[in-house]
Each structure stands twice: as structure tokens, then as C-alpha cells.
Student: 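Questions regarding the structure given below will be posed in turn.
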Amino acid sequence: MNYQFKWSVLWSGQSGSWLLQGVITTLEISALAWVLAAALGIVSGALRTVPFRPLRAVGTFYVEFFRNVPLLVWMFFWYFGVPPLLPRAAQDWIFNHGAEFWAGMFALGVYHGARMSEVIRAGILAIPRTQFEAAVAMGLTTFQAYRLVIVPIALRLIVPPATNESLNLLKNSSVALTISVAELTFQTRQIETYTAKAVEALTAGTLIYLILCVGIAAVMARVERRFAIPGLIARGG
Amino acid sequence: MADAAIRFRDVNKWFGKHQVLADINLAVSPGEVMVVCGPSGSGKSTLIRCVNGLEAIQGGDLVVLGESIVRSGVSMSALRTRVGMVFQSFNLFPHMTVLENIMLAPVRVRGLSATEAEKTARTLLARVRIPDKAENYPANLSGGQQQRVAIARALAMQPKIMLFDEPTSALDPEMINEVLDVMTDLAKEGMTMMVVTHEMGFARRVAHRVVFMDAGRVVEEATPDAFFAAPKSERAKDFLSKILSH
Amino acid sequence: MKRLLGVVVALALALAPIAPVGAEQDTLAKIKETGVLTIGTRTGSPPFAYVNKNNEWVGFSIDLVEMLVKPEVAKAVGKAIKIEKKESTPPTRIPLLTNNSVDLIAETMTDTAQRRESVDFSLTFFYTGAQFLVKKGSPVKGVNDIAGKRIASQQGSTNAKIIREKYPQAQLREFPDQPAAFQALAQGQVDAYTNDGIQLAGLKAKAPNPGDWEVVGDFYSEEPYGMAMRKGDAKFKAAVDAGLKHGFESGKYFEIYEKWFGPKGDVPYPMTPQVKTYLLKQIGK
Ligand SMILES: Nc1ncnc2c1ncn2[C@@H]1O[C@H](COP(=O)(O)OP(=O)(O)O)[C@@H](O)[C@H]1O
Ligand SMILES: [Mg+2]
């Protein structure tokens, strides 16, 4: 092998600031998409377990529709498919104001919301039906029973699979480079273009993703311990 | 008995094709304690779950506290604030402390302030004889203690009626009495109660009336004395001999 | 998938034991042993390298390898050889070379000083430069009109780099592939798409209504395409260059050019006298 490693490309020139920008964009798009995904996941996951059938159908439709179409297609949908529905002036405005980022964020959030929904539904189904009955038997409405009892318990049960899903979301944020979002993978490619040092650039990218994932997993583990339901044995605890 | 607290009139209920309640006619007067017994699967749970609308009925009429609950547009949440229920499996919310469990509905449904609700909750805990467990989580209580918290939680809404579905069946024998004692107190204070239980001692001492069900029907309805001394039906005799023999 | 491949390749390389410094590459010996010259080329860059309607993997770059390079390499190893093709893309092509998956990159790779630090390039076999594709009548007529405009480019391309560095007033949008960039142009997400003139000519030729589009502007960059090889393999480079040189001398190169870029070719792109002079100057003519 005759590859000349030159790790200094990662901190010489603009590489360092590009990587930093890439990390920031990746974290921004992932964080916003995560909030959206969590909100959609909780609402649709809960809808899929309520007694009222039409609401269940709405939840199921959302999940099946969004989960079964590849993320890349959703990126293109939000970026290429949605703007033409707007008036021309509005289109120009959003194209000048980060349409790429917002389209990527929506695609990521809505897609992972559908996947999060499955996780949350599984969490709710793991709660005995009688918990819900006990809640409504006290006079809580179905909505209150979900908001105050069922969802809070479910969220505590699903921290490990939700962590997994969150990490998937972070990793999938790189798909946004297909619509010109300059996130981390985009920036590592850029360094490769400038320096022709593909191995160094991709290694740096890989390591940064690894660090972000390990960091998030650590935070989620703390969350899990902090909110653990007394009496339920925490994993590994 | 126009002013019955609960009145079943020709009530029928099916799960799919399977009839689980057949032509039920029953009335529970205010302040009355009715014990419901019968073999497993006879429809006892279903019967009392109809009273607070956890199960819907398909035929007949069911009037609770003067209101027909089969009428369309009746608010189930409003009904349920006046009918407390205690389950076999306690069903305390595991992520909340004992106090939070008891305060939840008074604050969220009746709109009480946290201070008021807490005061009531602590009084109720004293009444069910565990004043010192307020800050504990359910997982750190024994089964008997959990069930007493569940009773306190139901009482916090100041219900007019209390429903009990085999409240002691999930308990170790040494804890059964602490729960039955609380229920006895409640009966003495004049609470209207429907109690599904196999605790025949409790029925004999506390109940005003015993209802024996089999296969979705009310087979016998009598005072405890009459029922235990001389059950009329073969099925009741059979049931009693089995239940009293162990 | 390609991105994944890139990462995997990179990791494999990073973790692999590093070969002794200065180990001599000997691609010819490898080809002699296997009888195969493996090239990395593209599947969707007509007319340089693409899969045509009959599902054949063809193109100008591939013809150059088959007709000019292959005979010379065969001569150098003293036996008949076969060409095998693998897909390469901008992010994967250098890793594919360095990890020996392919021996030669023959597609649309611009020969730059930076890349020469990692790989060696053959003689230039095609010469183009960056221009803009716009809707007919667009106010963008060249690189001096792009301030404030949204300009699409291809990620990893030299054009993107130049726009970013020299024309920061333009709003650069970088897409991973040609179809996405063209879609963005067609729908108005961007005002112009910049790429090598030849790529734009190809895109225009393939568009549903070629008449709606214009390739505008002088070359604002020079894009000489070369074939890339592992660095420091002088004997292999000599064989590849000899093949191309022979093509220029005999005129065979120009026949192949005519086949792909002539009036009847896939993408009509007549060779200007300057380009011809540039190409021939390489072989001292
Ligand atoms: N949700 C349900 N769906 C279908 N069948 C049910 C349901 N709940 C109870 N049943 C059936 O109704 C009958 C009466 O049940 P239940 O009221 O629980 O009896 P008991 O409390 O006397 O043991 C049983 O045959 C039971 O299998
Ligand atoms: Mg039962």
C-alpha cells in the first residue's frame, strides 16, 4: 500500500472550521428533527393505542406511510415536492433562506417520528390495560389519562430503544447532504475534495460520529437512571 | 325504591357472540353494601365495571345516582368522579409517589389546589392507617399497603359509590385483613358499596345483601344470613361448599 | 450506499497495517499474474462512462482504455489481458485505487495539484472548463453575474471549490449528483448550475427539451481530465501514457473523440483548436 497518510490536513487550512461547522449543522438539524420526531412519535404512538378506532387509523396511516418510504425520498419530497405548492415569491424567499436545512429537518423529523411511534406504541402496550382503566375510573379523561399516566410511564420504559432511534436519526441526518445541507459528512467530503486525503477526512468524520453517538448514549443512560421507575430494575443496574 | 343508588333494569351484555350478562335486575340502595360472588367467569367483574362505564351494556337500562348512563351524551368522566373503583391488581401509578397518586385526580379533575389536595390526601392516608408512607413509591409498599393506598386514592374524589373487584385476591393471606378492615370502616360510615369478593367472612359481617351469579345471571339474591344458612340453588350450594372447604 | 462504501473503505484503510514506507508499486506485475486490468469508472456520466439502453457499460473513457491503453499494457506484460470495470465515484475513487481494488481510474477526474499528492495522472485525455447551465434568457451569462444568485454545483467538484473561494457572494448549493442539481435548476431552487462545460452539454443534450437550456460563460476554470493511478508506479504510468500518446500520434484518439463528441455522437462537443493544441503539446507536437 502506497498511501501517504497526512493527518495534518485535518487541522491545517480550513478543515478544522469546516468540521466544526459540519458538527454544528449536524447537531442543529438532528436536535430540531428529534424534537419533531419525539412529538409526532408520542402523539401517533399514543393514537395507535386509544380505544377510538378512527384515531387509531390516523396513527397507523401516518406510521405506515412515512416509515415505508425511504428517507432519501422524503428529503426530495420536502425539498422538491413541497415548495412548488407555494406562490412563486414565497418560493424565492425560502430558497434564499435555508430551504435546504428546513426541508431536511422536516424529512428527518417526520420519518423518524414514524419510527419513534413504533417504539412508543410498544412502550404503551407493555403497560397493563388496567393502568389506563384505573386512571379513567378516577374521572380523568382519556387525554388526561394518556398525558399524565400512560405516556409518562411509557417514556420511562422505552429509553433504551428510543436511544437507538435517536442515534439512527443522528446518523441519518447525513442524508441531508443530498439536498445540499452542509452537515458533517458533507464537510468531510469537502475536505477530501480540497486535500485529496479521503482516508483522513472520512476517518475524522467517522470518529466524530462515534463520539457524538457515545455522548448521546451516555446522556440517555443518565436520563434513564434519573427517571427510572422505582421497582423496575434498570438495565445493568 | 325509586331512589336506588344503582339500578340495573334488564341489563344484557355481549362480548361478540358471547353473552356475559343476561337480564340483570338489581338495585343497590344508598348506604347499602352488596357483595357479589360466584364462580370465575360468571360475569361479576363485568357487572360492576358497567356501573362506572368501563364496560358498555347492549340492552336494558342502568341508572347510577339518578342518571341513566346509557343515555347518549352522558359524561363518563363526570360519572366516574362520583363512583370510585378499586381493582384486584391495585393499579397504583408506579412513577408517582403515594401522595402524588392520591392527589392526581383531585387536582386534575376537581381543580383543587395542591395544598388542599395534599391535606385531604394525608387525612385519607391516616384513615387507611399508613400515614407514614406518603413519600414512598408504590414499589416500596407491601401489597396490602398498596391496596389501601388505592382505596384512599379512590376516596380522594369523595365518591358516592365504591366498587371493589376482588380487592384481596392478589394479596398474601396475612395482608387480607388490613384491607378488609379499611373496607369495613368504610361500610360503617355509610358508603354505598358493590364488592366482588370470595371473602365470605367479610360478606357475613358487613354485607347487607349477597348476590350470587352464575353464567351471566343473578341466580340468588339474599341477606347474608339467609344465603349462608340455606342457599336455594344447587349451584350456590355447590359454590359455597367449594369455597368454604378450604 | 456509495457513501457507506467510502466510510467502510476508509476505515479498512485506517485500520490496516501500514505497508512499509516506499514499498514499490508494481501494477504491471499484478496484471501479468492475473491477466486483468481493473478500472474504476462511472455508470452515469455520459458520454464518458455510463450504462446505455442496452445495458452495456460504455463511454469515451472506456473506449480509450480498451483501444489505446489496453494494447500497450498487454505489450508491457507480454500477454493478452482483459479489462474489468468497477464503479467509482468522486468520494470513492482514490480509496479504491489505494486499496488496490482498481488499478486505473478512467472517468471524469480532473487532474489537480492536490490530487497529485495522492495519485499519479496520465496524459490529459480531455480538456474542458467550468461553465453554467441556465434557463434560456437567464440573467446569468457567466461567472461575473452570479453575485447573490443561487448556484448549484456538484459536491466534491473543483468548480464548487472555486466558487466558494473566489465568488463568495454567490449562494452555493452543492448536490451529490447531476440529476438532483438539474432538478433544482429546473424547479427554481437555484438560478444556475455550474459544472464542467462538457457535463453541462451532456445534460442539455439529454434534457426533455434541450432547446430550453443554455450553456453559458467562458471557462472560469481549467479541467483537464486524466486517468489516475497509484502513486509512484513509474512502469505502469509509462505504459498508460504510451497508449494515449500512440493514440494522439496515430489519430486514433481523434477517431474515438469523433465517435462520442462528433456531430453524430452522444453529446456534440466539437474540439476547439486551442484544446487540440493543448492535447498535442503534451507529446511535444
Ligand atoms: N374484554 C373481554 N372480551 C371478551 N370476553 C370477555 C372480556 N372480559 C370478560 N370476558 C368474558 O366474559 C365472561 C365474564 O367475565 P368476568 O366478568 O371477568 O367474570 P368474573 O369476574 O365473574 O370472573 C367470561 O367468560 C370472560 O371470558
Ligand atoms: Mg373478575
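A quick note: this is a predicted structure, and the numbers were derived from the prediction, not measured. So you know, we letter chains A, B, ... as the sequences are listed, proteins then strands, and number each from 1.
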Student: Classify the angle between the aromatic ring planes of C:F126 and C:F48 as parallel (below 30°), tilted (30 to 60°) or perpendicular (above 60°).
Tutor: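 Correct class here is perpendicular.
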Student: C:R93, C:Q189, C:E174: which one forms the most heavy-atom pairs within less than 4.5 Å of chain A?
Tutor: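 That would be C:Q189.
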Student: Is it true that C:D120 and C:R230 have a side-chain N and a carboxylate O under 4.0 angstrom from each other?
Tutor: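 So C:D120 does not pair with C:R230 through a salt bridge.
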Student: With a 6.0 Å cut-off on the ring centroids, do A:F101 and A:F106 count as close?
Tutor: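 They do not qualify: ring centres at least 6.0 Å apart.
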Student: Side chain, backbone, both or neither: which part of C:A113 has a non-hydrogen atom closer than 4.5 Å to chain A?
Tutor: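 Neither part.
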Student: Check this for me: does any side-chain nitrogen of one of C:K231 and C:E117 sit under 4.0 Å from a carboxylate oxygen of the other?
Tutor: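 Result for this pair is no, no salt bridge flagged.
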Student: Sort out for me which of A:N96, A:I179, A:T188 touches chain C most, counting heavy-atom pairs under 4.5 Å.
Tutor: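 Highest number of heavy-atom pairs under 4.5 Å: A:N96.
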Student: Could you give me the CA-CA distance, side-chain angles and deciding distance for C:F132 and C:W213, then say whether ring pair (Phe, Tyr, Trp, His ring centres under 6.0 Å) is met?
Tutor: CA-CA 10 Å; C:F132 297 92; C:W213 307 100; over 10 Å; no
Student: Heavy-atom distances under 4.5 Å only: say whether C:R116 touches chain A with side chain, backbone, both or neither.
Tutor: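 Neither part; nothing is under 4.5 Å.
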Student: Sequence neighbours excluded, which residues qualify as ring-ring contact (aromatic ring centres under 6.0 Å, His included) partners of A:W18?
Tutor: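 A:W18 satisfies ring-ring contact (aromatic ring centres under 6.0 Å, His included) with A:Y194 only.
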Student: Which residue out of C:Q114, C:R115, C:R150 racks up the most heavy-atom pairs below 4.5 Å with chain A?
Tutor: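 Top option by heavy-atom pairs under 4.5 Å: C:R150.
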Student: Go through the structure and list residues passing side chain to side chain donor-acceptor pair (under 3.5 Å) with A:T178, not counting sequence neighbours.
Tutor: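 For A:T178, no residue satisfies side chain to side chain donor-acceptor pair (under 3.5 Å) once neighbours in sequence are set aside.
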Student: Name all residues meeting the salt bridge (Lys or Arg N to Asp or Glu O under 4.0 Å) criterion together with C:K30; count only those two or more places apart in sequence or in a different chain, and write none if there are none.
Tutor: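 Counting only residues at least two positions away or on another chain, C:K30 forms a salt bridge (Lys or Arg N to Asp or Glu O under 4.0 Å) with C:D103.
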Student: Which of residues 66-87 of chain A have a heavy atom under 4.5 Å from any heavy atom of chain C?
Tutor: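 Result: A:F76, A:Y79, A:F80, A:P83, A:P84.
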